[in-house]
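Index from 1, following the sequence. Here the structure is a predicted model, which means the values were calculated and not measured.
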Amino acid sequence: QVQMVESGGGVVQAGGSLRLTCAASGRTFSNYAMGWFRQAPGKEREFVAAINWNTDSTYYANSVKGRFTISRDNAKNTVYLQMNNLKPDDTAVYYCAQRSRVASGTYYHLASIYDYDYWGQGTQVTVSS
């Protein structure tokens, strides 16, 4: 049974930082690309960042590029999202997801919610102005 558990969300002032963590279990973590998505109230779930299985490539939404950093530790079955210079528009529930297929993906694949088959329960991030 594949499970992913996010943590690290909270309330922060604009300009602050948070680090999200996603711990995965249930299948060989190092075989799969991982992604972070977010969903604000009344909006569709949107891509934030992704990292391939061997960390050789990372991808970011334009809205977070230069502020957020995705990384992974395959020995700990964990993926991270370091978020700096947070803005009120970053307020959302953040979800980690594990890709359905083994093998590296391109931005085209990894930015799509349909490329993932396992999701965490989400962690709330609230940025106050």
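Glu46 is linked by a side-chain hydrogen bond (donor to acceptor under 3.5 Å, both in side chains) to Arg38, counting only residues two or more places apart in sequence or in another chain.
Closest approach of Ser129 to Ala14, counting heavy atoms only: CA-CB, 4.4 Å. In terms of heavy atoms, Ala24 sits closest to Gln98 at CB-NE2, 4.3 Å. Nearest heavy atom pair, residue Tyr80 against residue Asp73, reads CE1-CB, 4.2 Å. Closest approach of Ala49 and Leu81 over heavy atoms only: CB-CD1, 4.1 Å. Listed here is the closest heavy atom pair of Leu110 and Phe37: O-CZ, 3.8 Å.
For residues 16-129, every residue pair satisfying the disulfide (SG to SG under 2.5 Å) rule, not counting sequence neighbours, is listed here: Cys22-Cys96. Pairs engaging residues 7-24 under the side chain to side chain donor-acceptor pair (under 3.5 Å) rule: Ser17-Asn84 [sequence neighbours left out].
Checking Asn52 against Ser57 by side-chain atom types alone, a donor-acceptor pair falls below 3.5 Å.
In terms of modelled atom types and a separation under 3.5 Å, the side chain of Thr28 and the main chain of Ser30 share no donor-acceptor contact. The main-chain N or O of Gly9 is found under 3.5 Å from a side-chain atom of Thr123 such that the two form a donor-acceptor pair. Without hydrogens or angle criteria, Thr91 side chain to Pro88 main chain gives a donor-acceptor distance under 3.5 Å.
For the pair Arg101 and Tyr32, the cation does not sit on the ring face, since its NZ or CZ is not both under 6.0 Å from the ring centre and inside 45° of the axis. By the 6.0 Å and 45° rule, Arg45 stacks over the aromatic ring of Tyr95. For the pair Arg72 and Phe29, the cation-pi test (distance below 6.0 Å, angle within 45°) is passed.
A chain of hydrophobic side-chain contacts below 4.5 Å, direct or via other Ile, Leu, Val, Met, Phe, Trp or Tyr residues, connects Met34 to Val2. Each of Trp53 and Tyr60 belongs to its own hydrophobic cluster when Ile, Leu, Val, Met, Phe, Trp and Tyr are linked at side-chain heavy-atom distances under 4.5 angstrom. Placement of Trp36 and Val12 within a single hydrophobic cluster is found when ILVMFWY residues are connected by side-chain heavy-atom separations under 4.5 Å, directly or transitively.
Proximity of Tyr59 to Ile70: side-chain heavy atoms (C-beta onward) are nowhere separated by under 4.5 Å. Val79 is listed as a side-chain neighbour of Ile51, based on a closest heavy-atom distance under 4.5 Å. Between Leu20 and Glu6, every side-chain heavy-atom pair lies at or beyond the 4.5 Å cut-off.
Each of Tyr107, Phe68, Tyr116 was compared with Phe47 under the ring-ring contact (aromatic ring centres under 6.0 Å, His included) criterion, and only Tyr107 meets it.
Summarising the geometry, atom OH belonging to Tyr118 is positioned 5.5 Å from atom CZ belonging to Arg27; distances are rounded to the nearest 0.5 Å. Expressed to the nearest 0.5 Å, how far CG of Asn77 lies from CE of Met4 amounts to 11.5 Å.
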query = Taking it one step at a time, do Arg67 and Asp90 satisfy salt bridge (Lys or Arg N to Asp or Glu O under 4.0 Å)?
reply = CA-CA 11 Å; Arg67 301 187 297 122; Asp90 295 319; 2.8 Å; yes
inquiry  = I'd like to know whether Lys43 forms a salt bridge (Lys or Arg N to Asp or Glu O under 4.0 Å) with Asp89, so could you lay out the CA-CA distance, the side-chain angles of the two residues, the decisive distance to 0.1 Å, and finally the verdict.
reply    = CA-CA 12 Å; Lys43 295 187 177 181; Asp89 283 349; over 6 Å; no
